[in-house]
Amino acid sequence: MEILIISGLSGGGKSQAASFLEDMGYYIVDNMPAGIILKFAEFCAGSKGRYDRLALVYDVRAGEDFGEFFRVLDDLKQGEITCRLLFLEASVSTIIKRYKETRRPHPLYGECGSLEEAVNREMVLMRPVRDRADYVIDSTGYSTARLRGELARLFGDPGGRGEMVVNVVSFGFKHGLPLEADLVFDVRFMPNPYYIETLREKTGLDQEVYDYVFSFSQTQEFLKRLEELLAFVLPYYKEEGKTVLVVAVGCTGGHHRSVAVTRALVEFIRRLGYQVTENHRDLTRN
């Protein structure tokens, strides 16, 4: 079982992080007092895998001395449970800006004379927790996509949760663009197997059609340049937190050229090490 404790400054990005981690397969509990963490961990350990990945949010709202929290943290780390502590922070000006945008009260505002004083006070109070953190993320200047991407890099599990999936889909322009497409490539400039009588009723899934499409130098050059482009942009999409990237390849009817090129792209993307799916939207349409 794995427990990730999310802590940090109010306005540092804890809520967003918890939301993203939930999408990655974590079971989230917000604002859990230290005294309950061990009992909750024991309960989840006996759940037969139902709660095998937990993310517990613990911060200044608990209103308690951190001594007990540190004892709980030590007990978890000494046991068989994988336990890690993530601390999120941001600059004072960034946190103040975020609070002004959300209009939520800072948890220490009532004890201080201003929002700035409350933020500075929390930084001092949370310093011991920050010093114990396994990971510290300064979210100043982070977009939501970048924060998602950083969390996926740190906590995406080997089974694939949190990793980017590339969906390559062939389609026919006469049936309209795929609405979910992120990148669209038009291969209607390639010689069309439809005009070859022996190939007309076949599709790009048939080797004869595939070989015909790739027998032309312009097809081979196009694929080479497209592979170079994807090898360049895919890491950046992943870094920005993209979880599903849809690459659409279109020809006139979605039967021949787009299907053949999609097949080739899927193999290339798989060799790059990405999870990839293949879909031929209009293969059975007239």
Side-chain angles (χ1 to χ4, degrees), residues 13 16-26 137 139 141-190 192 203-205 209-210 213-214 218-285:
Q16 277 192 335
S19 177
F20 294 152
L21 288 163
E22 185 173 25
D23 293 339
M24 292 163 57
Y26 282 83
I137 295 179
S139 66
Y142 269 41
S143 64
T144 55
R146 184 180 176 188
L147 179 58
R148 180 192 290 270
E150 182 67 5
L151 292 170
R153 183 184 69 82
L154 293 172
F155 307 112
D157 77 295
R161 286 179 289 188
E163 291 294 320
M164 182 176 74
V165 177
V166 183
N167 181 17
V168 188
V169 55
S170 68
F171 72 97
F173 276 96
K174 72 177 185 179
H175 301 299
L177 289 169
L179 296 179
E180 71 276 16
D182 297 296
L183 300 172
V184 177
F185 298 100
D186 184 349
V187 298
R188 287 176 293 183
F189 68 90
M190 297 175 182
N192 194 347
T203 73
L205 296 179
V209 174
Y210 185 92
V213 170
F214 281 95
Q218 59 263 48
T219 304
Q220 297 172 21
E221 182 67 20
F222 173 80
L223 182 64
K224 177 184 175 182
R225 292 173 183 250
L226 184 52
E227 288 176 345
E228 291 173 349
L229 173 64
L230 291 175
F232 173 75
V233 302
L234 289 182
Y236 291 106
Y237 277 112
K238 183 178 178 181
E239 181 180 319
E240 280 299 304
K242 194 79 170 172
T243 54
V244 178
L245 181 73
V246 180
V247 179
V249 182
C251 62
T252 303
H255 291 180
H256 300 100
R257 295 165 290 181
S258 62
V259 175
V261 173
T262 292
R263 285 178 55 193
L265 280 183
V266 166
E267 290 305 314
F268 172 74
I269 294 169
R270 184 174 288 121
R271 289 197 301 272
L272 290 179
Y274 293 94
Q275 294 186 71
V276 59
T277 61
E278 179 178 345
N279 181 32
H280 304 289
R281 191 192 70 176
D282 299 326
L283 196 64
T284 60
R285 301 176 70 173

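A quick note: this is a predicted structure, and the numbers were derived from the prediction, not measured. The first residue of the sequence shown is numbered 1, and numbering continues consecutively from there.
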Write down the atom of [X], the atom of [Y], and the distance for their closest heavy-atom approach.
X: Asp182; Y: Lys242; result: OD1-NZ, 3.0 Å
X: His256; Y: Thr203; result: CD2-CA, 4.2 Å
X: Ile137; Y: Tyr142; result: CG2-CE2, 3.9 Å
X: Cys251; Y: Val187; result: CB-CG2, 4.0 Å

I'd like a table of donor-acceptor pairs (distance under 3.5 Å, sequence neighbours excluded) in which one partner is a side-chain atom from residues 257-269, with atom names and distances.
from, atom 1, to, atom 2, distance (Å)
Arg257, NH1, Arg188, O, 3.0
Arg257, NH1, Met190, O, 2.8
Arg257, NH2, Thr252, OG1, 3.1
Thr262, OG1, Ser258, O, 2.8
Arg263, NH1, Gly204, O, 2.8
Arg263, NH1, Leu205, O, 3.4
Glu267, OE2, Arg270, NH1, 2.9

For residues Val209 and His255, determine if any side-chain heavy atom of one lies less than 4.5 Å from a side-chain heavy atom of the other.
no
Does a side-chain heavy-atom distance below 4.5 Å link Leu230 with Leu183?
yes
Atom [atom1] of [X] and atom [atom2] of [Y]: how far apart are they, to the nearest 0.5 Å?
X: Arg281; Y: Leu283; atom1: CZ; atom2: CG; answer: 12.0 Å
X: Leu147; Y: Glu150; atom1: CG; atom2: CD; answer: 8.0 Å
X: Phe189; Y: Phe222; atom1: CZ; atom2: CZ; answer: 5.0 Å
X: Leu21; Y: Phe155; atom1: CG; atom2: CZ; answer: 7.0 Å
X: Tyr26; Y: Phe20; atom1: OH; atom2: CZ; answer: 15.0 Å
X: Phe185; Y: Leu229; atom1: CZ; atom2: CG; answer: 5.0 Å

Name all residues meeting the side chain to side chain donor-acceptor pair (under 3.5 Å) criterion together with Thr277; count only those two or more places apart in sequence or in a different chain, and write none if there are none.
Asn167
Taking distance alone, no hydrogens or angles, what donor-acceptor pairs closer than 3.5 Å link side-chain atoms of residues 170-178 to residues at least two apart or in another chain?
from, atom 1, to, atom 2, distance (Å)
Ser170, OG, His280, ND1, 2.8
His175, NE2, Asn286, O, 3.4

Using modelled atom types only, decide if a donor and an acceptor are shared between the side chain of Gln220 and the backbone of Phe214 within a distance under 3.5 Å.
yes
